[in-house]
Number of protein chains: 2
Amino acid sequence: MKPSVVTIEPNGHFCDDCAVRGAAVCSSLDAAELREFEHLGRRVHFDSGETVFSEEDITTSFYNVLEGVMRLYKLLSDGRRQIVGFALPGDFLGMNLSGRHNFSADAIGAVTVCQFAKAPFGRFIEDRPQLLRRINELAIRELSQARDHMVLLGRRSADEKVATFLLGWRERLVALKGLSDTVPLPMSRQDIADYLGLTIETVSRTFTKLERHGVIEIIHGGISLLDPARAEALAAA
Amino acid sequence: MKPSVVTIEPNGHFCDDCAVRGAAVCSSLDAAELREFEHLGRRVHFDSGETVFSEEDITTSFYNVLEGVMRLYKLLSDGRRQIVGFALPGDFLGMNLSGRHNFSADAIGAVTVCQFAKAPFGRFIEDRPQLLRRINELAIRELSQARDHMVLLGRRSADEKVATFLLGWRERLVALKGLSDTVPLPMSRQDIADYLGLTIETVSRTFTKLERHGVIEIIHGGISLLDPARAEALAAA
DNA sequence: ACTCAAATTTGATCTGAGTCAATTGGCTTT
DNA sequence: AAAGCCAATTGACTCAGATCAAATTTGAGT
């Protein structure tokens, strides 16, 4: 991994112009609390490909994604990789019971996170059940998504996997940036393959097949969803 | 075995002799709180094969498993099934954001649960951050397990899946009942297949292969783990 | 624009796990 | 103890997706 510089901005009142202010973990705080809270976090930038934290690392911080996309993954000893999710703005990372991260996370393209040191964050949460409740909600939401993904990995065909992925990814971007049939795919084919439990070749062939059938058009850095209805049908089985 | 449908015992002071008293969700409560808490729950029995709740059902209750084993699963419209987990005593079920269960749960063999109506439970939790923290811990633990299972489903071979399952299941039983190389498997081969993303035939063949190689012995209602070290090696890859 | 390396696509072939089809074994009922 | 039933095993064959092997496209650096 390239040892590029991590830029740390000075602490200060930056929640005001934070993209995920009303969402994410912060949505549970009122104006006064937010003022106190912002002193705990620091904005940190990561360049494309940089690792934010690695599996088995001692957890020293929690992270709130502000901008960009991250891949979250686990490796087997022989190098096989399973991507367990992609993190987008509003996602909160780093919670665990063991005191060590249970997956690795790195930046796909430039990423900005709001980083919280573990101890002060833990103290802040102590007497704020609202915040705890919000974190719990995020965990429960993730758990539900994880179970959906288990169904995909265990029981769906390659075609279904790819169609489901494209629709699900589009849905997340819609929630973030509004409706569009142009779906940017910042992650590589290898990332998609490792997310879907396929090989890169199968993903590529399936994209080509979907394009041949007029369901999508493969464009630079993403796809255009030409026939959402047909994609839904393929995904549903 | 109990003859019929669902037996509901009268409310009362039964936490005293509860098998999961110090564990589960209750471990976060002191003696006084536990006394209040026990009025919220009722013990309910389910016979083998009975469904405790179904996916898409409105969530009216939460459940704390006291005795027995449950299968937790999701179905695709064409009948394909993915088991997302097996619940054992101490597991807490029913948390979700949508107000509907996001998987189905049924009894494998006789099961006893401690059932809590949603509303009173929600009220009780309101001013008990301890309990909320405990529930959050359980969710985070489940999330970590779910991610491990994604790796298994997406990236492991049939042999690795089966070996990993046997070791993981044994581990859970050890935590519950103490060490033993005899591993009861109350679930059917079909359940195991649907948990591992395989077919019943592949699970059966893999069991036979492990037995031929002296790793396990297939016994009535389970297996005997003859060579744990070799099983670990197969699971690790 | 030119070079080189990496990512992606495409083609040919292989194989692990699925499918289809009997058989076997264990229980329960009569 | 025979019959019936369901779960599990075993065997023969198939196939979806993996693997191996080139092209081809893209992109960063000069």
Side-chain angles (χ1 to χ4, degrees), chain A residues 1-2 4 47-49 71 76 78-83 108-110 152-166 184-213 216-223 234 237, chain B residues 1 3 48-49 71 76 78-82 108-109 152-166 184-213 216-223 234 237:
Chain A
M1 194 63 45
K2 84 169 148 167
S4 127
D47 286 341
S48 189
R71 72 173 81 84
L76 294 178
D78 63 0
R80 280 175 290 176
R81 184 176 71 159
Q82 176 65 46
I83 291 186
I108 297 175
L152 177 142
L153 290 171
R155 288 295 179 227
R156 309 197 87 122
S157 70
D159 289 1
E160 292 169 352
K161 284 176 174 182
V162 171
T164 303
F165 165 68
L166 291 176
L185 296 174
M187 69 292 286
S188 69
R189 294 289 189 268
Q190 187 64 66
D191 288 339
I192 297 173
D194 287 347
Y195 181 58
L196 300 178
L198 298 171
T199 60
I200 190 175
E201 293 95 333
T202 298
V203 170
S204 182
R205 276 187 253 271
T206 306
F207 270 52
T208 307
K209 183 159 75 170
L210 289 174
E211 186 170 50
R212 254 201 331 267
H213 290 39
I216 64 172
E217 188 190 0
I218 299 169
I219 58 178
H220 179 75
I223 60 113
L234 282 171
Chain B
M1 182 183 291
S48 189
R71 72 174 82 86
L76 295 178
D78 62 359
R80 281 175 289 177
R81 184 178 69 158
Q82 177 66 44
I108 296 175
L152 178 143
L153 290 171
R155 287 298 178 223
R156 310 197 85 124
S157 69
D159 288 1
E160 292 169 351
K161 284 176 174 182
V162 171
T164 303
F165 165 68
L166 290 176
L185 296 173
M187 70 290 285
S188 69
R189 293 289 188 269
Q190 186 64 65
D191 288 339
I192 297 173
D194 287 347
Y195 181 58
L196 300 178
L198 298 171
T199 60
I200 190 175
E201 293 94 333
T202 298
V203 170
S204 183
R205 278 188 252 270
T206 306
F207 270 52
T208 306
K209 183 158 74 169
L210 289 174
E211 185 169 48
R212 255 201 330 269
H213 291 38
I216 64 171
E217 188 190 358
I218 300 169
I219 58 178
H220 179 75
I223 59 114
L234 282 170

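No hydrogens, no waters, no symmetry mates; every other heavy atom, side chains included, goes into these values. Letters A, B, ... are given to chains in the order of the sequence lines, protein chains preceding strands, and every chain is numbered from 1.
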Checklist entry - Side-chain contact, heavy-atom cut-off 4.5 Å: A:Leu185 with A:Phe207? => result yes

Next on the checklist: Between C1' on C:dA17 and CD1 on B:Ile200, what's the gap in Å once rounded to a whole number?
Outcome noted: 15 Å

Next on the checklist: Can you tell me if A:Thr199 touches the phosphate of D:dA18, counting only side-chain N or O atoms and a distance under 4.0 Å to OP1 or OP2?
Outcome noted: yes

Checklist entry - CZ of B:Arg80 versus P of C:dT19: gap in Å, rounded? => result 10 Å

Checklist entry - Nearest-Å distance, NZ (A:Lys161) to C1' (D:dA18)? => result 12 Å

Item to check | D:dA18 OP1/OP2 closer than 4.0 Å to side-chain N/O of A:Thr202 | outcome: yes

Item to check | Check: A:Gln82 and A:Leu153 side chains under 4.5 Å, non-hydrogen atoms | outcome: yes

Next on the checklist: Considering every strand and a 4.0 Å limit on heavy-atom distances, what is the contact class for A:Gly197: base, sugar-phosphate, or nothing?
Outcome noted: sugar-phosphate

Checklist entry - Is it true that a side-chain atom of B:Glu160 and a backbone atom of B:Leu234 form a donor plus acceptor pair closer than 3.5 Å? => result no

Checklist entry - Rounded to the nearest Å, what distance is computed from the CD1 atom of residue B:Ile223 to the C1' atom of nucleotide D:dA8? => result 16 Å

Checklist entry - With a non-hydrogen cut-off below 4.0 angstrom, is B:Ser204 in contact with a base, only sugar-phosphate, or nothing? => result base

Checklist entry - Is there a donor N/O on one and an acceptor N/O on the other, under 3.5 Å, for the side chain of B:Arg205 and the base of C:dT19? => result yes

Item to check | Between C:dT24 (P) and B:His220 (NE2): distance, integer Å | outcome: 21 Å

Next on the checklist: Output the rounded distance in Å from CZ (A:Arg189) to P (C:dA7).
Outcome noted: 13 Å

Next on the checklist: A side-chain contact here means heavy atoms from C-beta on lying under 4.5 Å apart; do B:Arg155 and A:Asp194 qualify?
Outcome noted: yes

Checklist entry - Within this structure, what is the CG-to-C1' distance between A:Leu198 and D:dA18, rounded to whole angstrom? => result 10 Å

Checklist entry - Any side-chain heavy atom of B:Leu76 sitting closer than 4.5 Å to one from A:Arg156? => result yes

Checklist entry - Mapping A:Ser157 and A:Glu201 onto DNA chain D by nearest heavy atom, which one lands closer to the 5' end? => result A:Ser157

Checklist outcome for this item: Nearest-nucleotide check on DNA chain C, A:Arg155 vs A:Gln190; residue mapping nearer the 5' end is A:Gln190

Item to check | Spacing between A:Ile219 atom CD1 and C:dT8 atom P, to the nearest angstrom | outcome: 15 Å

